[in-house]
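Small disclaimer: the values here were computed from a predicted structure and weren't measured. Each chain gets a letter, A, B and so on, in the order the sequences are listed, and its residues count up from 1.
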Amino acid sequence: MTFERLRGFRDLYPEDAEPKSWAFSIAQEIARSFGFRMIDIPSLESLDLYRLKSGDELVGQTFSFTDKGGREVTMVPEATPSVVRMLTSRKDIPRPVRWFSIPKIWRYEEPQSGRLREHMQFNADIFGVDTPEADAELIGLAATILDGLNLQGNYDIRINDRKLMENLLHKMNINNISEIFSIIDRFRKTSHEDFSSMLKQSGVPDKTVSDIVSILEHQINRGDLKNYLSSYIDIDQNLGQTIDRMETTLSIISQYTNSRIYVDFSTVRGLSYYTGIVFEVFDSKGELRSILGGGRYDNLAKLISGQDIPAVGFGMGDVVLELLLKRAGLWKSSSDKPRYYVCTASDDLRKEALEIVIELRKNGFIATMDVAQRNLSAQLKSATINSSDYAIIVGKKELETDQVTIRNMSDGTQQQINKMKIVNEIKKMKRHAD
RNA sequence: GCCGGGGUGGGGUAGUGGGUAUCCUUGGGGACUGUGGAUCCCCGGACCCGGGUUCAAUUCCCGGUCCCGGCCCCA
């Protein structure tokens, strides 16, 4: 009998688990440098928490079941409701709140490129303020993380604003906003012909349809927004304010990163709870699904708890990120520490060898020795296979004068060093190498 | 849930209606009881499952299953 991995789940071997761990540790480090605090959410929640937000439709795409107490529960399909639940059940947390988490999340759907049934997600939110500064800080965090992963130039940030879009559509005499949003959400995946006919079917007049297509297909750079839109519609005071706020946000974000950032009116995001700015990051070549996405959701806390708490957040999954990092040649664990393999020339010297291994480990070095009772030749072979940088050979002859041999595994050069000062000697060698 | 394309050792592959299923790689061991990656030798390991056609199926047909990709949906 053999057991296979479940559909949509992954086994991560060292060559994948280590780079993934590296990527998330960078994200975590950068979030902390922004003053974000780490939280952790449960893996299982009441199914009602998601019904509340998006109705029964989402429920069919969750890993959910009835527990032994008869409760309907689900493996969490996203982090945000749990985070909001945690925030609103504590009243003593000073605002603004900056929180991040790295949960695993689950969704029951057909796996495809960039989408699996289980994945890990980096999630960050700012609660308690509704300002362009907060929006920019959060998007700035996302960009700084990607830059920290050395992805500069490999991604674009697309920004839009739900309020602006609603305003725009109203001005075009469109009132079935959410229906139109879900069509707009598919703009980049459908042909213009199909897209236009979908809009027409939803009651949008022909002339307006062509305007919408034209507006959606352009990328608008910072500073051009008002000018661009004025050729399609009148800009009243209300719309003007929304545009000004967006320009402010864009301007602040440009302080965080040199990455390409533009307004893209086709980015509306499917989730119904967004109330203001929305954004998505894509690979520049446009080959992959979105790397991360998020936006402002000022009404969710009220829905969950009755408390009025503005919020902006984003989530970044590890699946697309992995594809992108692999394409950029950055999928490796960044441990640049040299690895030492301590060998014994004869089996009765294991005690001395282990002393050296322990001493090296205490001083922060990566040190290994044979545990298979193998001879020197086999130990060196093993050191090679484990990509050790140095082998330290403990032998009787050298020990008579308290020396051990250190062998550089890349060029084969050897030298004798004093066993008692081994840590200092190694540090000295390292400095020379640098 | 729906649609398309695929399943030959751990990974990558060749091939065939009939004999011990090819090659590379990986793994284990040895030549080598104080010096590794080379070389040589040995060993382990596969035709997804079920049914049908046939004297005979890994090969052809059907169904299932799994993988990959896409749709739906998007957190």
Item to check | A/E109 side-chain proximity, nearest of B/G34, B/C73, B/C71 | outcome: B/C73
Checklist entry - Choosing from B/C71, B/G36, B/G34, which nucleotide comes nearest the side chain of A/R289? => result B/C71
Checklist entry - So does A/Q61 reach the base of B/A75 with its side chain, donor to acceptor, closer than 3.5 Å? => result yes
Next on the checklist: Could you tell me the Watson-Crick or G-U partner of B/A57, where both distances fall under 3.5 Å? Say none if there is no partner.
Outcome noted: none
Next on the checklist: For a quick check of understanding: with a heavy-atom distance under 4.0 Å over all strands, which category does A/E280 fall into, base, sugar-phosphate or nothing?
Outcome noted: nothing
Next on the checklist: Applying a 4.0 Å non-hydrogen cut-off, can you work out what A/G315 is touching in the nucleic acid: base, sugar-phosphate, or nothing?
Outcome noted: nothing
Item to check | Min side-chain heavy-atom separation A/F195-A/R186 under 4.5 Å | outcome: no
Checklist entry - If you measure from the C1' atom in B/U54 to the same atom in B/U22, how many Å do you get, rounded? => result 27 Å
Next on the checklist: Which residues in residues 185-196 of chain A have a heavy atom closer than 4.0 Å to any atom of RNA chain B?
Outcome noted: A/R186, A/K189
Checklist entry - Of A/R115, A/K20, A/K104, which is the lone residue that meets salt bridge (Lys or Arg N to Asp or Glu O under 4.0 Å) with A/D318? => result A/K20
Next on the checklist: Looking at B/U39, which nucleotide sits across from it as a Watson-Crick or G-U wobble partner, both distances under 3.5 angstrom, or is there none?
Outcome noted: B/A31
Item to check | Nearest-Å distance once atom C1' is located in both B/G17 and B/C47 | outcome: 15 Å
Item to check | Base paired to B/C71 (Watson-Crick or G-U; both N/O distances under 3.5 angstrom) | outcome: B/G1
Checklist entry - Does a side-chain N-to-carboxylate-O contact under 4.0 Å join A/E322 and A/K326? => result yes
Checklist entry - Is there a side-chain contact between A/Q219 and A/D156 (heavy atoms, below 4.5 Å)? => result no
Checklist entry - Nearest to the side chain of A/E110 - B/A75, B/C2, B/G34? => result B/C2
Checklist entry - Roughly how far, to the nearest 0.5 Å, is CZ of A/F265 from OG of A/S214? => result 11.0 Å
Next on the checklist: Check this for me: does the side-chain of A/R269 come within 3.5 Å of the base of B/C74 through a donor and an acceptor?
Outcome noted: no
Item to check | A/F63 six-ring face occupied by A/R117 cation (under 6.0 Å, within 45°) | outcome: no
Checklist outcome for this item: In numerical order, the residues of residues 370-389 of chain A whose heavy atoms come under 4.0 Å of RNA chain B are A/L376, A/S377, A/L380, A/K381, A/T384
Item to check | Base paired to B/C66 (Watson-Crick or G-U; both N/O distances under 3.5 angstrom) | outcome: B/G6
Next on the checklist: Regarding A/E355 and A/K351, does a basic nitrogen lie under 4.0 Å from an acidic carboxylate oxygen?
Outcome noted: yes
Item to check | First of A/P111 and A/T413 reached from the 5' end of RNA chain B, by closest nucleotide | outcome: A/T413
Item to check | Selection from B/G34, B/A75, B/G36 that lies nearest to any side-chain heavy atom of A/Q121 | outcome: B/A75
Next on the checklist: Assess the residue pair A/S346 and A/D348 against the criterion (side chain to side chain donor-acceptor pair (under 3.5 Å)); give the C-alpha distance rounded to whole Å, side-chain angles, the decisive distance to 0.1 Å, and a yes or no.
Outcome noted: CA-CA 6 Å; A/S346 57; A/D348 57 336; 2.6 Å; yes
